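Heads up: the structure comes next, in structure tokens.
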Protein chains: 2
Amino acid sequence: MKATIYDVAQAAGVSIATVSKVINQTGRISDKTRKHVYEVMEKLKYEPNMVASALTKKSTYTLGLTLPDLANPFFAEIARAVEDRGREYGFSVLICSTDNDPDKEVQYLSLLTQKRVDGIISAARIQNDHFLKKMLQHHIPFVLITREMPTLAVDTVMVDDFLGGYLAGSHLVELGHKRIAILVEDMDNTSNLERIRGCRQAMAASNVMLDEGLVLISGYSVECGKSTMKELLSLDERPSAVFACNDLLAIGAIQAAREVGLQLPSDLSVVGFDNTTLATIIDPPLTTISQPIQEIGRRAVDLLIQEIKQEKVLKQRVVLLPDLVLRKSSSAINER
Amino acid sequence: MKATIYDVAQAAGVSIATVSKVINQTGRISDKTRKHVYEVMEKLKYEPNMVASALTKKSTYTLGLTLPDLANPFFAEIARAVEDRGREYGFSVLICSTDNDPDKEVQYLSLLTQKRVDGIISAARIQNDHFLKKMLQHHIPFVLITREMPTLAVDTVMVDDFLGGYLAGSHLVELGHKRIAILVEDMDNTSNLERIRGCRQAMAASNVMLDEGLVLISGYSVECGKSTMKELLSLDERPSAVFACNDLLAIGAIQAAREVGLQLPSDLSVVGFDNTTLATIIDPPLTTISQPIQEIGRRAVDLLIQEIKQEKVLKQRVVLLPDLVLRKSSSAINER
DNA sequence: TTGAAAGCGCTAACAC
DNA sequence: GTGTTAGCGCTTTCAA
């Protein structure tokens, strides 16, 4: 049986209140008893029971993180950033992959509240905003990352998707591309919509019209990007450039292009979004729009902790600005 | 204030015991009261407090997972596999990246025991086996994955590293390579040692001697692999093939080779280890030794849960067998 | 500087 | 079928 605070108190010849105080460094305890209690704890291999203390303190010192898929490098990096920043504040993190499945989302969110996490960070594209609204009514500290819910007053840390799309679009247009395709995971979330809108607007600013028939919904994975890109490449008049709304799709696009024998970037320019480590691994290295992953994780945790500690009442939306990272997958159009 | 079981009991006009029974589906409750209690819970938006129940039930239904770095795709995939299997049993998982830092390892392990996780899965290369021994004495269910501790009776799920190295070595030797280099993260862990030993033995079996000067410790990242590979390539007599003890290093090696203008696989064959998704992204696609990641996560959780439920006393070491996955980064030696 | 005692929200005998 | 009650291991007034 694990030692409890009673065992320590008894062995040390003091009360449990005293032991509690030395553990938590609260109240005033003489150096002598403190040291003695420490020794006894050591001897008994005593490990404070945080579930008991959580029950009284009403704080578990754990954060919940929901995201679509932990195996996706982008989210894995986000998770790591959250973990690191959480650790600095003494919080650990419970991770939940939802696969963007509404059922899982609801289940996990409910689980997290039952486990009484002190706050939740969600990168999941929550389908059920009704449910989310309910969560917020429970007043559980909550911050959304990577995406926004325009209709909800919820703390958010995100990147400016419109600007990201705009940067991608201008880059391509400046390189002389006119026939630009867009690969998107799905159209159900604002981020993707904004990225497309940004790209379209950048093109329009240079009088290049986006052919809406070249905007393809591909699903979520390298494979999906690849097969969708193949469709695109079998078109009579194939695009000379493609903006993929995330790196995974961009990679699929590159693979598809190579499989049909195209040279990159001369035959096809590809721009991604996220700037995950994958972007440097693919050949040619991917020109992409960077999200400041570390910073997103960091700021999200900061906001959450402030809310948990009630140091803040003002909800806010932090919009970080993306960057165009030039690599080798894009180049001036090759007019034959 | 969140509703408690008392609020529900009162509002439903029953005792808390009854409410508890309907929540946990224990004891016998009439359909009528059950339904009524459910309605009240609904109305009050009651969420059972799992920290309270954990205190009495002595089970938190959460698992701890420690690994070197969640941002590393290999471990991210492991984490996802563990999460999924855990979920099937109703467990969530607390993730801890140790960066192979002995201090963090000790801190996290201690944190996990304080949070009273029901069990721990560790992929971390725990430096401090003394500490680990202490953990095991506490009888906390524990399973090691991805690596072994030969001197400790601890449940383990791993891949046969020796065989993996052997497969890599034979493959290269069969392709006619004689000057084979090995890139390894570090020599502090049995896995790496075994992989090298396997490779060496496969070579020896074909009367090819491993030049120990070609075994380089590179550190842990694509960048490290790259710079170490550059050293290797600046040798007077450069190797014609390299076995990298993990995919990250293999990717670094490929990048280095390309940067100095080599053609792969004609000028250099590269074999990796792990078969992460990265292997399919790099160009040329990486020939590598596959670890059955899903299966490792799955089996680890199964073992752990059995131990938690005390359905098992026998400790065991599950050794999964690796596979050679042929892709495009290796080919017969090119004799000029 | 220390201790007694009342909770925290729940489960599990056990009694009715 | 349902209720009473004694914990689970800890924190936190409040007294001493």
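A, B, ... follow the sequence lines: proteins, then strands. Residue 1 opens every chain. Everything quoted here is computed from the prediction, not taken from an experiment.
- Remark: P of D:dC10 and CG of B:L55 are 9 Å apart, rounded to the nearest angstrom.
- Counting to the nearest Å, the P atom of D:dT11 and the CG atom of A:N24 are 4 Å from each other.
- Residues satisfying the salt bridge (Lys or Arg N to Asp or Glu O under 4.0 Å) test with A:D99, not counting sequence neighbours, are A:K104, B:R80.
- For A:Q25, there are no side chain to side chain contact (heavy atoms under 4.5 Å, CB included) partners two or more places apart in sequence or in a different chain.
- Counting only heavy atoms from C-beta outward, the side chains of A:L303 and A:V318 approach each other to under 4.5 Å.
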Considering only nitrogen or oxygen atoms on both sides, find all protein atoms under 3.5 Å from nucleotides 13-16 of chain D and state each distance.
none

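- Residues passing the ring pair (Phe, Tyr, Trp, His ring centres under 6.0 Å) test with A:F91 are A:Y61, sequence neighbours excluded.
- Residues A:Y220 and A:N100 have side chains that never bring a donor and an acceptor to within less than 3.5 angstrom of each other.
- On the nucleic acid side, DNA chain C contacts chain B at distances under 4.0 Å to non-hydrogen atoms, with the end points of that region at C:dG9 to C:dA12.
- DNA chain D lies under 4.0 Å from at least one heavy atom of each of the following residues of residues 5-14 of chain A: A:I5, A:Y6.
- Residue contacts shown for A:S20 include a base, since a base heavy atom lies under 4.0 Å away.
- For the residue pair A:S97 / A:D69, no side-chain donor-acceptor distance below 3.5 Å is found, with atom types taken as modelled.
- Between the C1' atom of D:dG3 and the CD1 atom of B:I16 lies a distance of 9 Å, rounded to the nearest Å.
- For A:T156 (side chain) and A:V154 (main-chain N/O), a donor-acceptor pair under 3.5 Å exists by modelled atom type.
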Exercise for review: Begin from the C-alpha positions of A:T60 and A:K115 and carry the test side chain to side chain donor-acceptor pair (under 3.5 Å) through to its verdict.
Suggested key: CA-CA 8 Å; A:T60 52; A:K115 291 216 168 165; over 6 Å; no
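- Side-chain atoms of B:T113 and B:S110 include no donor-acceptor pair closer than 3.5 Å.
- Remark: A:Y46, A:P48, A:N49, A:A52 in residues 36-52 of chain A come within less than 4.0 Å of DNA chain D through at least one heavy atom.
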Got a list of side-chain donor-acceptor pairs under 3.5 Å for residues 39-51 of chain B, not counting sequence neighbours?
unit_1, atom_1, unit_2, atom_2, d
B:N49, OD1, B:V51, N, 2.8
B:N49, OD1, B:A52, N, 3.1

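- Looking at which nucleotide of DNA chain C each of B:T26 and B:K2 is closest to, the 5′-most match is held by B:K2.
- Between the side chains of A:T98 and A:T66, not a single donor N or O lies within less than 3.5 Å of an accepting N or O.
- Taking the charged nitrogens against the carboxylate oxygens, A:D84 and A:R87 have no contact shorter than 4.0 Å, which rules out a salt bridge.
- In this structure, the side chain to side chain contact (heavy atoms under 4.5 Å, CB included) partners of A:D186, at least two apart in sequence or on a different chain, are A:R125, A:D188, A:N189, A:N192.
- Phosphate contact (OP1/OP2 of D:dG1, side-chain N/O of B:S30, threshold under 4.0 Å): absent.
- Sequence neighbours left out, not one pair with a member in residues 6-42 of chain A passes ring-ring contact (aromatic ring centres under 6.0 Å, His included).
- With sequence neighbours excluded, no residue forms a salt bridge (Lys or Arg N to Asp or Glu O under 4.0 Å) with B:D7.
- Helix bend of the helix from C:dT1-D:dA16 to C:dC16-D:dG1: the angle between its two end axes, each built from five pairs, comes to 30° after rounding to 10°.
- Around the CD atom of A:Q10, the shell of radius 6.0 Å holds no more than 12 heavy atoms that belong to other residues, nucleotides or ligands.
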